[in-house]
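Down below is the structure, laid out as structure tokens.
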Amino acid sequence: MAQRAFTISPRWPGALSGALVLVLTLGTLAAVALRADWASGLSPADWAAIRFTVTQAFVSAFISVTCAIPVARALARRRFRGRQALITLLGAPFLLPVIVAIVGLLAVFGRGGIVNVFLGGLGFESISIYGFHGVVLAHVFFNLPLAVRFILQGWLAIPAERFRLAASLGAPVGRLLEIPMLRAVVPSTFLVIFLICLTSFAVALTLGGGPKSTTVELAIYQALRFDFDLGRAALLACIQFGLCVVAAVFAWRVTGTDAMGAGFDRVVARWDVKRPWLDYVVIGAAALFLLIPLGMVVLRGLPGLLLMPGTVWIAALRSILVAIGSATLCCAMSVALGLWGGRAVAVIGVLPLAASGLVVGTGAFLIVYPFVSPSDVALIVTMLVNATLALPFVLRAIGPAIAAVQEDFGRLGASVGLSGWSWLRIVVLPRIRRPLGFGAGLSAALSMGDLGVITLFAGKSEETLPLAMYRLMGAYRVDAAAGAALLLLALSLLIFWICDQGGRSDVDL
């Protein structure tokens, strides 16, 4: 039935979308590999950058997962008012622009932050957020909520009947139920976060730097923007791609399966819980760690709104236009690939996960540099790359909905002669409006906060809001940067909310 329904949709939009993804992933990788200076090899500084990249990613992932386990356990065992809102809030850092979160962390742990003010009042020396520990702290801030969500799903997947049976028999719940679940969930969670930390360019750009705190992506940026050594930048880009591929393959191989079986979907009741106050302490500490930096962004950003130069508002307009274009392109490609279907689409859909944004940007830079000035195509390239990098997340949201429509209505549509645009407009789009709106909001929000590709291409007249904010921080205009951070946070959440609510509104079918 599905194959019969599939024939009423043209294949060329999916093929065109797949070709664009291949060009922006494998094509840019080929450009990087051809330009790489293989003969000169890696310098001691390059090896140091590789070691730092792997070490900080490993430590960040280890701390994130280790801290997430007690938080997820506490949330799984406790029911309290506001619990669902707190769990929803744990997804906010994924939408939060990285540069905004860093401003919040600086307000808490920076030189003039509340932690150093408190330490100074007690007569202790101040701490520095820059360097290795600062990069790790920022990564834990972003990835602790993600790890909690993954591990919490594992806990909630254990059938309530298993806990009831263990309680009736007096059996140890931890050894029989929880530890086997963690063995299945934790390795893949660790490797996913490890992969994310390998490619977090904005964190290294703002909190790293220096010979001892340079990641591979930061070394690529320095080779292009400051040294203009295209061969070394391309070589480092190949190294970065290799690291990402290895991490992605390991993450795919160790993904655990559900070995708990099915239950009757009852609410889990626990009889083995001791020291309940400890669970609330853990949940409270995690909530404070996430909410205080966000609160500081708001408190410090409100006065800074009046201190921002006029160029920031122009940069904000550019970011909005790039985000709208990126979201539109990403959703169009996702719908086209979803209608195409098949194993090839599954492969194309995961390719961007193995490609670092800065590696793709480096390859695009090498492709366009002989023909046009990179600054002339900065916004277009940024839009294309952002759409491609968001594609796996959006396709995962839209793809199953399209498959369900094809299965349920494909035969009927073919029997009444619906095909092409008519089939898409009358049958498909109304029934995928909810995931389509979510996907559009997600891709737009991710594009709004991007500080990767744009740093390679943009000059002063092409800067987006995250880049303008970073340059204000580099010029030590802290108050103006805080205002720009609040503006970026508000715009990112607003554009996500508008798209998501648009998908949730009722549709006349």
Side-chain angles (χ1 to χ4, degrees), residues 85 88-117 129 134 137-138 141-142 145 200-203 205-207 287-324 326-327 386 441-452 454-455 458 463-501:
T88 302
L89 184 64
L90 292 178
F94 188 72
L95 296 175
L96 189 68
V98 176
I99 193 70
V100 171
I102 290 172
V103 168
L105 292 174
L106 288 172
V108 177
F109 300 100
R111 181 177 302 175
I114 56 179
V115 171
N116 278 325
V117 170
I129 194 176
L137 176 66
F141 176 81
F142 282 108
S200 57
F201 169 70
V203 172
L205 181 65
T206 51
L207 297 179
L288 288 176
F289 177 66
L290 295 174
L291 293 179
I292 290 179
L294 296 181
M296 293 302 295
V297 170
V298 177
L299 289 177
R300 293 198 171 183
L302 287 174
L305 289 174
L306 301 177
L307 302 176
M308 296 187 307
T311 55
V312 171
W313 296 100
I314 300 175
L317 178 60
R318 292 194 194 98
S319 289
I320 293 173
L321 294 176
V322 170
I324 293 174
S326 176
N386 287 346
L442 178 62
S443 56
L446 293 176
S447 180
M448 280 293 301
D450 175 68
L451 186 62
I454 193 67
T455 59
E463 66 179 8
T464 57
L465 183 53
L467 183 57
M469 178 182 161
Y470 170 71
R471 288 172 175 172
L472 287 173
M473 294 171 62
Y476 300 101
R477 301 180 62 179
V478 180
D479 293 334
L486 180 57
L487 177 61
L488 179 57
L489 174 61
L491 289 176
S492 299
L493 296 180
L494 178 62
I495 197 170
F496 173 79
W497 180 82
I498 290 174
C499 294
D500 190 40
Q501 289 300 309

Heavy-atom side-chain contact between I99 and M473 under 4.5 Å: yes
For V108 and F141: C-alpha separation, side-chain torsions, deciding distance, then whether side-chain contact (heavy atoms from CB on, under 4.5 Å) applies. CA-CA 12 Å; V108 177; F141 176 81; over 6 Å; no
The single option from S492, P466, P97 that satisfies side chain to side chain contact (heavy atoms under 4.5 Å, CB included) with S319 is P466
Please report the shortest heavy-atom distance between G134 and L207, naming the atom on each side. O-CD1, 3.5 Å
Quick check: do S200 and V98 have side-chain heavy atoms less than 4.5 Å from each other? no
Within this structure, what is the CG-CG distance for the pair L494 and L489, rounded to the nearest 0.5 Å? 11.0 Å
What's the spacing between D500 CG and L493 CG if we round to 0.5 Å? 12.0 Å
Excluding sequence neighbours, so at least two apart, what forms side chain to side chain contact (heavy atoms under 4.5 Å, CB included) with L491? A316, I320, M448, L465, L487
State, to 0.1 Å, how close A445 and F496 come at their nearest heavy-atom pair, and which atoms those are. CB-CB, 4.2 Å
Do N386 and S447 have side-chain atoms, one donor and one acceptor, less than 3.5 Å apart? yes
For T455 and L467 the tightest heavy-atom approach is CG2-CD1, 4.0 Å
The test is side-chain contact (heavy atoms from CB on, under 4.5 Å); show your working for L451 and M469 and say whether it passes. CA-CA 10 Å; L451 186 62; M469 178 182 161; over 6 Å; no
Yes or no on side-chain contact (heavy atoms from CB on, under 4.5 Å) for R300 and V103, after CA distance, side-chain angles and deciding distance? CA-CA 10 Å; R300 293 198 171 183; V103 168; over 6 Å; no
Decide side-chain contact (heavy atoms from CB on, under 4.5 Å) for T206 and L106; before the verdict, give the C-alpha distance in whole Å, the side-chain angles of both, and the deciding distance to 0.1 Å. CA-CA 10 Å; T206 51; L106 288 172; over 6 Å; no
Interatomic distance, CH2@W313 vs CG@L305, rounded to 0.5 Å, equals 6.0 Å
Heavy-atom check, side chain of V322 versus side chain of I454, under 4.5 Å: no
Straight-line distance of L105 CG to I129 CD1, nearest 0.5 Å: 5.0 Å
Testing the basics here: between A107 and M296, what is the closest heavy-atom pair and its distance to 0.1 Å? CB-CB, 3.6 Å
Do L472 and P309 touch side chain to side chain, with heavy atoms closer than 4.5 Å? yes
First locate atom OG of S326, then atom CG of D450, and finally report the distance between them rounded to the nearest 0.5 Å. 8.5 Å
Between G452 and F201, what is the shortest heavy-atom contact and its length? CA-CD2, 3.9 Å
Spatial distance of atom CD1 (I495) from atom CG (L446) [nearest 0.5 Å]: 11.0 Å
Please give me the minimum heavy-atom distance between A444 and A323, naming the atom from each residue. O-CB, 3.5 Å
Suppose the criterion is side-chain hydrogen bond (donor to acceptor under 3.5 Å, both in side chains): which pairs have a residue in residues 467-480, not counting sequence neighbours? E463-R471
